[in-house]
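When reading the values below, keep in mind they use all heavy atoms of this one structure, side chains included, and skip hydrogens, waters and symmetry mates. Note that the structure is predicted; figures quoted are calculated from it, not measured.
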Amino acid sequence: MIASNFSPPRRLSFITATLVSYGLCAAPIVCFAATGNTLAQEAVTPAPTSSERETKAPEAKSAAFAGFVKYRYLRVNYRLEADATYTEESEQAIEVLSEQGIQSASTQSVGYSASLAEAEIMHAYTLKKDGRRIDVPASNYQESKRGGNGGHAPVFSDHSSKTVVFPEVEAGDTVVFAYRHRQKEAVFPGHFSLLHVFNKDILADDIELTLDAPASLPLKIQAQGVESRELPGEDGRRRWRWQFRNEKVTSPEPGAVFDFGPAEALVLVSTFSDYGAIAAAYDARAREKAQVTPRIRELAERIAAGAETPREEARRLYEWVNRNIYFANNRVGSGSVVPRSTDQILDNRMGDCKDYTVLYQALLAARGIASTPVLINSGNIYNLPDIPYPWVFDHSINYIPSLDLYVDASIKSQFFGELPFSESNKPVVHTADFQGIRHTPARDHHRDHSVSRTSIEIRSDGSASGETRIEEYGRYAPPMRSWMKNRRIDRDALTARRLLLRNGYRGEGEFSGDDPDTPGREYRYQMRYRLDDVITLPGPGAFSFPAPVDSSHPIDGILSFLTAEKRTKNFVCAGYLLEEEIAVRLPPEMEVLTTPKNVAFATEHLSYRAEYTLEGNLYTVKRALEAKTDTNVCTPQQQEEAKEAAAVVRRDLRAPLIYW
């Protein structure tokens with residue numbers, strides 16, 4: 001991806017792990033950070049015996065993974081004008097190394113904002129491995145345009161794209177794609193910014209980036225991990241060239257933090273003098289949108305009526321905006337940084353993050369409560385580059401100075417007074433009252449707390465019935481509140497059967513919980529169930545008896561993520577306290593021979609304890625895992641710590657009760 005002075009989204013296939021940004025409220029912008037938490041488990045092969053070592057022929061080393069595609073070349077040229085508009089010309093040749101790379105290589109596109117830019121595909125063809133050239137036929141071009149009625153801008157996205165599908169692509173072929181993109185209007189008047197992060201996850205023979213700019217533009221430039229050279233320029237102009245090649249594929253690390261450090265190969269260019277200039281540029285275009293109109297004043301008075309304190313007024317206004325405005329991305333022209341009017345937001349009951357911010361700001365102002373928009377990154381970026389780059393910020397929230405409180409009204413089910421995890425411990429820019437880079441508060445890990453309590457009675461025929469009650473606090477509460485509110489109630493029975501099966505049980509269950517529309521920093525829900533064939537009686541046996549229903553973040557699942565693979569980079573992590581209690585009423589005729597031993601284990605950042613008791617026929621298990629970190633970033637050394645803890649925990653979770 002490429003992020004430049006409002007480069008609209010364009011799919012540059014596997015190119016440089018470029019940070020694409022087309023304004024605020026976009027997706028997190030570190031494109032190579034893996035998402036999802038499904039992690040493959042490596043198979044463990046027993047060590048060979050001495051006789052096997054003597055008789056077994058030596059095995060050839062497996063070849064290093066080279067990826068599915070390779071850049072034979074990529075050339076991107078920018079010509080920048082004095083008003084910060086620019087023309088970008090790009091040509092790329094992608095060689096398909098294996099069948100797995102065919103699908104991703106055979107479709108290429110360029111995206112742009114129709115109101116701010118224009119784009120054209122200059123040529124596209126398949127170069128067969130036998131040397132033949134097959135031009136993309138006219139029927140394989142597709143253009144997607146989004147516009148309003150009668151040529152007007154649409155209410156939301158005006159993102160357009162031009163796409164080509166390459167014919168007859170096979171392993172060994174190369175697809176060649178070239179386009180021209182012209183930015184006709186700068187998002188921030190008079191300003192240009194560009195960031196290329198060169199992807200080390202893909203082989204590249206030759207990547208070249210050039211910039212031709214008027215000497216009068218005050219450009220700040222940072223280049224690292226690339227060959228850099230300033231070239232002779234025309235009269236009154238300067239030129240730079242940066243080159244990069246990658247001969248070895250590295251593996252992406254899920255959740256890795258992007259820190260702009262020396263390990264990254266990148267080129268960053270900006271006309272902004274400092275982050276205060278970014279704040280001023282945003283404020284110049286957004287401030288007037290937060291004016292208190294008669295409609296805003298009347299609405300604020302109605303919502304806040306009866307509130308006894310400014311904080312209570314702010315909470316009521318927040319909850320109204322959070323519940324009554326629905327989220328939709330806005331990528332219409334300069335709307336990527338300019339909020340809509342409050343009238344338009346209220347008429348449509350819809351908006352993006354900037355619209356939530358400006359509406360809440362206006363409602364607060366109507367009650368005499370000052371606030372400022374705040375620019376923040378919602379992804380895996382926890383520090384800012386030295387050169388001020390606006391598109392590192394992909395989200396906006398509010399700050400209320402009198403309450404010393406950051407709030408984000410756009411996150412559904414988020415309670416007033418706390419930010420979601422992804423927005424805590426982050427550098428931010430206050431746009432209306434900039435006084436240097438500030439930071440959102442770090443989280444107190446004790447506040448992110450989950451408690452699971454299970455009570456089960458096992459009958460003499462091996463069946464059982466019981467319930468699991470789960471209490472979620474802090475950052476764990478909003479997702480479950482949202483799930484309970486939006487779930488398909490008619491599918492509860494199927495969902496319950498699947499949850500039970502996931503933990504090794506067959507049976508039926510039903511859900512219930514607190515009212516999901518009731519705000520608060522905690523949420524409680526439960527599942528009652530009837531289980532078939534939990535144990536076999538009469539006769540000897542053993543069971544470890546996991547809870548039939550997990551919380552949304554079970555102990556073993558969290559440790560699996562922490563320890564799944566070797567890390568070399570800092571990664572996003574969180575502190576927490578997870579507690580689990582399981583009380584099992586055993587059949588009176590069951591004779592327990594032994595129960596698991598108690599466990600207590602601690603490192604600098606992690607602690608785990610487990611207690612097992614048997615009183616009469618009541619068997620009780622109590623476990624607790626605590627991660628003692630109040631930052632959002634962990635180091636590879638902390639992963640090693642987690643591996644040590646995980647080994648202890650996994651052994652304990654498998655420890656059985658043995659009975660006759």
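- Looking at L266 and H196, their side chains never come closer than 4.5 Å, going by heavy atoms from C-beta outward.
- Residues L211 and V269 are in side-chain contact: their nearest non-hydrogen atoms beyond the backbone lie under 4.5 Å apart.
- Between F192 and Y86, the ring centre distance stays below 6.0 Å.
- Atoms OH and CD, on Y399 and Q361 in that order, are 14.5 Å from each other to the nearest 0.5 Å.
- Annotation: side chain of V572 is in contact with side chain of V257 (closest heavy-atom distance under 4.5 Å).
- A 4.5 Å side-chain heavy-atom check between Q92 and Q108 finds at least one atom pair inside the cut-off.
- Here the side chain of N348 pairs no donor or acceptor atom with the backbone of I345 at under 3.5 angstrom.
- Within the 3.5 Å criterion, the main-chain N or O of Q100 finds no donor-acceptor partner in the side chain of Q103.
- Residues that satisfy the salt bridge (charged side-chain N to carboxylate O under 4.0 Å, His left out) test with E288, not counting sequence neighbours, are absent from this structure.
- Judged purely by atom type and a 3.5 angstrom limit, K162 has no side-chain atom pairing as donor or acceptor with the backbone of S109.
- Residues N570 and P636 have side chains in contact (heavy-atom distance under 4.5 Å, counting atoms from C-beta outward).
- Residues meeting the salt bridge (charged side-chain N to carboxylate O under 4.0 Å, His left out) test with K70, sequence neighbours left out: E95, D205.
- Aromatic rings of Y406 and H430 (six-membered ring for Trp) have centroids within the 6.0 Å cut-off, being under it.
- A side-chain donor-acceptor contact under 3.5 Å links T357 and S396.
- Taking the salt bridge (charged side-chain N to carboxylate O under 4.0 Å, His left out) definition, one finds that R438 meets it with nothing, sequence neighbours left out.
- Not one N or O on the side chain of Q414 forms a donor-acceptor pair closer than 3.5 Å with the backbone of I411.
- By the side chain to side chain donor-acceptor pair (under 3.5 Å) test, E168 pairs with no residue at all, sequence neighbours left out.
- Judged by a 6.0 Å distance limit and a 45° cone about the ring axis, R285 is not positioned over the six-membered ring of Y282.
- Under the 4.5 Å side-chain criterion, counting only non-hydrogen atoms from C-beta, P390 is in contact with S193.
- The structure places CD1 of I207 at 8.0 Å from CD1 of I202, a figure rounded to the nearest 0.5 Å.
- Judged as a salt bridge (charged side-chain N to carboxylate O under 4.0 Å, His left out), and not counting sequence neighbours, the contacts of R443 are E418, D448.
- The closest side-chain heavy-atom distance from F244 to N246 is below 4.5 Å.
- Counting only N and O atoms by type, the side chains of T631 and N425 include no donor and acceptor under 3.5 Å apart.
- Evaluation of the side-chain contact (heavy atoms from CB on, under 4.5 Å) rule for H123 yields E91, Y125, V176, A178 as partners, not counting sequence neighbours.
- Taking the six-membered ring for Trp and the full ring otherwise, F272 and F188 have centroids separated by under 6.0 Å.
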Open item on the list: Test salt bridge (Lys or Arg N to Asp or Glu O under 4.0 Å) on E227 and R229; report intermediate values, then the result.
Closed with: CA-CA 7 Å; E227 293 183 16; R229 181 182 176 188; over 6 Å; no
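- L219 places none of its side-chain heavy atoms less than 4.5 Å from the side chain of S270.
- The stretch residues 103-130 participates, sequence neighbours left out, in these salt bridge (charged side-chain N to carboxylate O under 4.0 Å, His left out) pairs: E118-R182, E120-R180, K128-E170, K128-D173, D130-R132.
- Atom CG in D347 sits 7.5 Å away from atom OG in S341 (nearest 0.5 Å).
- Here the closest heavy-atom approach between residue G351 and residue Y356 is recorded as O-CE1, 3.6 Å.
- In terms of modelled atom types and a separation under 3.5 Å, the side chain of S410 and the main chain of C353 share no donor-acceptor contact.
- Remark: the backbone N or O of G379 is paired with a side-chain donor or acceptor of K426 at under 3.5 angstrom.
- Judged by distance alone, with hydrogens and angles left aside, the side-chain atoms of D355 form no donor-acceptor pair with the main-chain N or O of P339 at under 3.5 Å.
- The heavy-atom pair separating V321 from A409 by the smallest distance is CG1-CB, 3.9 Å.
- The side chain to side chain donor-acceptor pair (under 3.5 Å) check on N398 picks up nothing, with sequence neighbours excluded.
- Aromatic ring orientation, W240 versus W242: parallel (interplanar angle below 30°, classes split at 30° and 60°).
- Although no hydrogens or angles enter the test, the distance criterion places a donor-acceptor pair under 3.5 Å between the side chain of N632 and the main chain of F421.
- Listed for the D408 side chain is no donor-acceptor partner under 3.5 Å among the backbone atoms of I397.
- Scanning for side chain to side chain donor-acceptor pair (under 3.5 Å) contacts around S251 gives an empty result, with sequence neighbours left out.
- Scanning for side-chain contact (heavy atoms from CB on, under 4.5 Å) contacts around V136 gives A124, N140, Y141, V164, F166, P167, with sequence neighbours left out.
- T372 and D433 form no side-chain donor-acceptor contact under 3.5 Å, judged by distance and modelled atom types alone.
- In summary, the side chains of E185 and Q183 do not present any donor paired with an acceptor at a separation below 3.5 Å, with no hydrogens or angles considered.
- Considering all non-hydrogen atoms of both residues, N383 and F258 come closest at OD1-O, 4.0 Å.
- Under the side chain to side chain donor-acceptor pair (under 3.5 Å) criterion, E99 pairs with no residue, sequence neighbours left out.
- When atom types are taken as modelled, the side chain of E89 and the backbone of V76 share no donor-acceptor pair closer than 3.5 angstrom.
- Ion pairing between D235 and R237 fails under the 4.0 Å rule for side-chain N and carboxylate O.
- Residue F260 forms a side chain to side chain contact (heavy atoms under 4.5 Å, CB included) with just one option from V392, V197, L384, and that option is V392.
- Residues satisfying the side-chain contact (heavy atoms from CB on, under 4.5 Å) test with D83, not counting sequence neighbours, are E81, T85.
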